[in-house]
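If you're wondering where the values come from, they're calculated on a predicted model, not measured in any experiment.
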Amino acid sequence: MHTGKRTRNIRLKDLKTAYLEQLRERSRARMEEYIQERTVLESELEECIWEYYRQTAPSLQEFYSRYTPEWEVFYEHETLPPTDFLIFLKRMETAFRKRYTLAELDVSYYIGRLSRLPERSEERAALQELFLDKWHYLLTVKEYDYQYQHLFRLCEGFQILDKSFGLKTEGNLRGSRVKWLLRNHPELYQKVIPYEKAMEQNRQIRELVRCLGKNAGGRKESFDSLSGLRADSLIRHASQSDVEGVTLGDDLNSLQPVEYCYLTDEVLHPFFMQRYVEKRLQQFDSYSHEDTSTPSPEKKKVSSQGPYIICVDTSGSMREERERLAKSAVLAIARLTEATSRKCYVINFSEDIQTLLIRDLKTDFPMLVDFLQRRFDGGTDARPAFAEALMMLRTHGWQRADVVMISDFEMPPPDDVLLADIHRARLRGTSFYALVFGSHPETDYLHECEKYWDMYWFEKSSCFYFANIVE
């Protein structure tokens, strides 16, 4: 008789491993172009894969195989004596023919051979074992294919592998980093599209971004020691439900009741702690084990410079095309924070100020989009904005910030105190830049800038261009 143990070879742990490998392989193949262009960072893709894996992996354990009834029949009749086994084959001959081709499993052949052999002969016992081995192999293959079809269906449910998912811009020229960051907020991305297009098409905005990016060259970078840590990485999940025995270890979620007696008893508590350190506590063992591996945490770079400080004129004189270009410039500088590891502090000013600090573009992007949706209206008072910017520049670690002013600069000239404060900030290493939308700007502001770009004539030509399209 058969001495080995025939089992269902597909274990939950193997399925989970195969599932994660499939997700990684297919996702990286799909996103390879975007990763090379740095539209998507590898760490971000890995984070998305793990998030989806954690959400869907439990369904592998809950998934009921269609072949479970056949497995039950197999194990119920695996150890039958020769006479009973032959009766079983004759009774199930029709069922076998429906499930297997003659090339796979010719039941009639085995019935004929077994009937002609002596009941107690070794040859008959060997033939019975041969049949069982072949049936077990064919059933395992079917189970394997069925379970892996479920894996593939789970993979197809992953947003990144959906055929409709893409990061191309409207002209299909390149991947959109903005679209990726807002992939879970498609309604917000629709609001950003006009600013994204202007950001890529406007020469002055591109030059400003290039200048701000170069300005970080040669500066030292440090790393945030607390970055890269996930809160859930410190949490141990509850014990598995598929208990199959007892083992030794240090999993406090799987302890046997006797160990809790040691834990709560004042005299026995030291013995409990000693066995815990040695990983010799008695605990329940499970058939499957949680995959505790995690993607390597990535420490965030922190620039030695201060953030970008953007002062945006949101008064009524900056509406329409000026508003669109101003918001596009803010979006372009905010995107630059990832490449330079710097934060971005936005100050909107008209009659009063509103501020927003972007620490992490991926996390804070929805807030930035909401910030960009605010209407430009009201009068102009730049003094609170300059006061806020100068106050930030006096804060520790922000002295070397770059300040970008976006306005028509059609306002009263700065007083001597403000000019002196700006001059002192420049001596401490702050650089000032400006996008100028006015036809008659106040030049005293512009004289304090390292560089400024005239947006007025571009704005006029853009309006003329769009007017021709409408006509």
Side-chain angles (χ1 to χ4, degrees), residues 208-209 211-216 219-222 224 227 300-315 318 326-327 329-361 363-365 367-368 370-372 374 376 378 380-407 409 411 414-436 442 444-452:
L208 170 63
V209 169
C211 186
L212 291 173
K214 287 181 179 179
N215 199 35
R219 304 282 172 84
K220 291 183 179 180
E221 289 180 330
S222 58
D224 184 356
S227 66
K300 295 180 181 178
K301 293 180 180 179
V302 180
S303 175
S304 59
Q305 294 176 281
Y308 299 109
I309 299 177
I310 313 174
C311 299
V312 188
D313 183 352
T314 60
S315 63
M318 288 286 289
K327 290 179 176 179
V330 173
L331 180 61
I333 299 170
R335 276 195 55 188
L336 191 60
T337 59
E338 288 188 313
T340 58
S341 307
R342 298 166 68 182
K343 295 175 286 189
C344 179
Y345 191 67
V346 187
I347 306 171
N348 279 6
F349 70 91
S350 55
E351 295 171 350
D352 200 356
I353 64 170
Q354 294 176 322
T355 62
L356 172 67
L357 175 60
I358 302 173
R359 295 180 176 86
D360 179 76
L361 186 62
T363 304
D364 298 334
F365 214 161
M367 287 193 298
L368 174 62
D370 179 66
F371 203 67
L372 295 175
R374 298 173 186 174
F376 283 21
T380 305
D381 186 358
R383 289 173 300 178
F386 280 109
E388 177 74 10
L390 290 168
M391 182 195 72
M392 299 301 291
L393 290 174
R394 288 191 291 270
T395 304
H396 176 69
W398 293 40
Q399 292 88 343
R400 299 180 63 82
D402 289 327
V403 178
V404 180
M405 299 178 289
I406 304 175
S407 174
F409 291 96
M411 58 183 75
D415 57 34
D416 293 339
V417 175
L418 177 57
L419 287 176
D421 288 339
I422 293 175
H423 184 67
R424 280 193 291 270
R426 292 181 63 189
L427 292 176
R428 289 193 297 267
T430 296
S431 298
F432 288 81
Y433 303 90
L435 294 179
V436 185
E442 176 53 58
D444 284 351
Y445 295 101
L446 306 182
H447 290 160
E448 297 298 327
C449 295
E450 298 283 333
K451 190 172 184 179
Y452 64 88

> Which residues pass the salt bridge (Lys or Arg N to Asp or Glu O under 4.0 Å) test with Arg359, sequence neighbours left out?
Replying inline: none
>> Would you say that more than 12 heavy atoms from the other residues, nucleotides or ligands in this model lie under 6.0 Å from the CZ of Arg383, or not?
In response: no
>> Tell me every residue that passes side-chain hydrogen bond (donor to acceptor under 3.5 Å, both in side chains) with Thr430, counting only those two or more places apart in sequence or in another chain.
In response: none
> What distance separates Phe376 CZ from Ser350 OG, expressed to the nearest 0.5 Å?
Replying inline: 9.5 Å
>> Would you say the ring centers of Phe386 and Tyr445 fall short of 6.0 Å from each other?
In response: yes
> What pair of heavy atoms forms the shortest contact from Leu418 to Pro414, and how long is it?
Replying inline: CD2-CB, 3.7 Å
> Of all heavy-atom pairs between Cys311 and Ala385, which one has the smallest distance, and what is that distance?
Replying inline: SG-O, 4.3 Å
> Does Arg374 reach the side chain of Thr314, with side-chain heavy atoms less than 4.5 Å apart?
Replying inline: no
> CG of Asp421 to CZ of Arg394: how many Å apart, nearest 0.5 Å?
Replying inline: 6.0 Å
> By side-chain hydrogen bond (donor to acceptor under 3.5 Å, both in side chains), which residues pair with Arg426, not counting sequence neighbours?
Replying inline: Glu448
> Any donor-acceptor pair under 3.5 Å linking the side chain of Asp360 with the backbone of Thr363?
Replying inline: yes
> How long is the gap from CD1 on Ile333 to CZ on Arg342, to the nearest 0.5 Å?
Replying inline: 10.5 Å
> When rounded to the nearest 0.5 angstrom, what distance separates CG in Leu446 from OG in Ser407?
Replying inline: 9.5 Å
